[in-house]
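Atoms within each ligand, like the ligands themselves, are counted from 1 in listed order.
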Amino acid sequence: MRLLVCGGAGFIGSAFVRRMLALHDDWQIVVLDKLTYAGNPDNLKPVKDDPRFRFVHADICDAAAVDAAIERAGGVDAIVNFAAETHVDRSIAEPEAFLKTDILGTHTLLEAVRAHDIWRMVQVSTDEVYGSIDEGSFCETGRLNPSSPYSASKAGGDLQVLAYHATYGVPALITRGSNTYGPYQYPEKLVPLFVTNALEGEKLPLYGDGLNVRDWLHVDDHVDGIAAALTAGEPGEVYNIGGGNERTNREITAIILEELGLSWDTSVRSVTDRPGHDRRYSIACDKARAELGWEPRVDFDEGLRQTIRWYRDNEWWWRKIKHGTGEFARWRKRWYEERA
Ligand code: NAD
Ligand code: DAU
């Protein structure tokens, strides 16, 4: 299998690359990544000298660069697209890049699949496209009802994929994953932000009443679901990939504090809520179980505690991000000062 993995220097994309190269001797992977603030060559350190791996620094919106990467690889069998702007809060403050990458970038890759002889494209999407649900769970035919510029852009990407399949027969399919946690996640998202803040003696900024619910999925389970969709999924189909671990943000915060031996009263600060904050995400994953033979395997409590310990033991990885280029500090000032 020769793969073009777009966005492979990010959190989930790099986990996919590391895991697929470890599992499959005969897979070759070209990572194409723009290296935005969230893209990090350190995430690919474990595979950088592997002869089956190559890195191309490029933007998925740049059609000529995408074509060149495919041609230089001598063609690819599949594209797996992780490349996206991914942080909901940034999409509220600075939405333009989301529309460009998450919609136009997806369109560019679909055109590349049309132009080259490519067997499959997997578009990595999110449960956020369905929006909030108070009770029950969304299956794949659920109405798209996004609330943020991020989820609206991801929904736009999904609709392009389905339209390209219906119109041109492009062999693309979609996975919609739930909230993912694990090592190497940029420390703007809830779990790595709270863990690293706690390790630095900083407050944990909990939005609103902290009772919003997310369905937590270990990154290894997520990438296994994406791999199963790549090898066993049908073009034109959508597959929900959820962890089955619905927890409030207060519950996640309590586990982090307990694992690090800290108290709620001295560590947590309630801050102004995120605008348009979805209350609860929930997806039904029977289709992935039945048709892909996939199910999540990582026990949530153990997976989260291992993840917390990984950040505790790998300060070299996150300290560079939080205190290096100034981008993290700029974002913290831009977003959190007004919520304090
Ligand atoms: P991330 O922010 O950690 O990484 C995104 C990667 O895409 C980075 O390496 C970045 O440099 C790259 N990128 C951004 N714009 C690009 C462009 N124009 N051209 C090329 N590369 C570009 O994201 P993540 O959390 O790993 O998410 C990966 C995918 O999974 C995204 O599509 C996201 O929507 C989806 N997803 C994420 C989660 C989650 O909880 N993190 C859950 C479900 C789905
Ligand atoms: O559901 C899948 C989605 O999960 C992915 O598509 C997104 O790319 C990913 O970022 C994630 O989105 P969320 O908005 O759910 O994740 P985030 O980590 O930003 O927030 C999780 C919850 O924690 C949410 O209810 C908001 C809350 N939160 C978050 C931050 C950053 C806080 O209370 N305080 C914070 O500082």
Side-chain ion pair, [X] and [Y], N-O less than 4.0 Å:
| X | Y | value |
| --- | --- | --- |
| Lys100 | Asp59 | no |
| Arg319 | Glu200 | yes |
| Lys322 | Glu202 | no |

Polar side chain donor-acceptor pair, Tyr150 to Glu85, under 3.5 angstrom:
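Their side chains do not contain a donor-acceptor pair, so the 3.5 Å distance test is not met.
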Hey, are Asn43 and Trp317 close enough side-chain-wise for a donor-acceptor pair under 3.5 Å?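 Yes, a side-chain donor-acceptor pair sits under 3.5 Å.
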Note to self: With a 4.0 Å heavy-atom cut-off, what residues sit around ligand 1?
What the structure shows: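 Ligand 1 is contacted, at a heavy-atom distance under 4.0 Å, by Gly7, Ala9, Gly10, Phe11, Ile12, Asp33, Lys34, Leu35, Thr36, Ala38, Gly39, Ala58, Asp59, Ile60, Phe82, Ala83, Ala84, Thr86, Thr101, Val124, Ser125, Thr126, Tyr150, Lys154, Gly177, Ser178, Asn179, Thr180, Gln185, His222.
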- Message: Quick check on side-chain hydrogen bond (donor to acceptor under 3.5 Å, both in side chains): which of Asn145, Asp278, Asn240 does Tyr130 satisfy it with?
- Response: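 Filter result, single survivor: Asn240.
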Q. Any idea how Trp27 and Phe16 line up, ring-wise: parallel (<30°), tilted (30 to 60°), or perpendicular (>60°)?
A.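 Aromatic pair Trp27/Phe16 classed tilted.
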(message) Filter on ring pair (Phe, Tyr, Trp, His ring centres under 6.0 Å), then keep only pairs touching residues 218-247, sequence neighbours left out; what's left?
(response)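 Qualifying pairs: Tyr181-His218.
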Neighbouring residues of ligand 2, heavy-atom cut-off under 4.0 Å: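 Only Thr86, His87, Val88, Asp89, Thr126, Asp127, Glu128, Tyr150, Ser178, Asn179, Glu188, Lys189, Leu190, Leu193, Phe194, Pro205, Leu206, Tyr207, Asn212, Arg214, Asn249, Arg274, His277, Tyr281, Tyr336 have heavy atoms that fall under 4.0 Å of ligand 2, ordered by chain and number.
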Would you list the pairs meeting salt bridge (charged side-chain N to carboxylate O under 4.0 Å, His left out) in which at least one residue belongs to residues 251-272, sequence neighbours left out?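 Non-adjacent pairs meeting salt bridge (charged side-chain N to carboxylate O under 4.0 Å, His left out): Glu258-Arg305, Glu259-Arg305, Glu259-Arg309.
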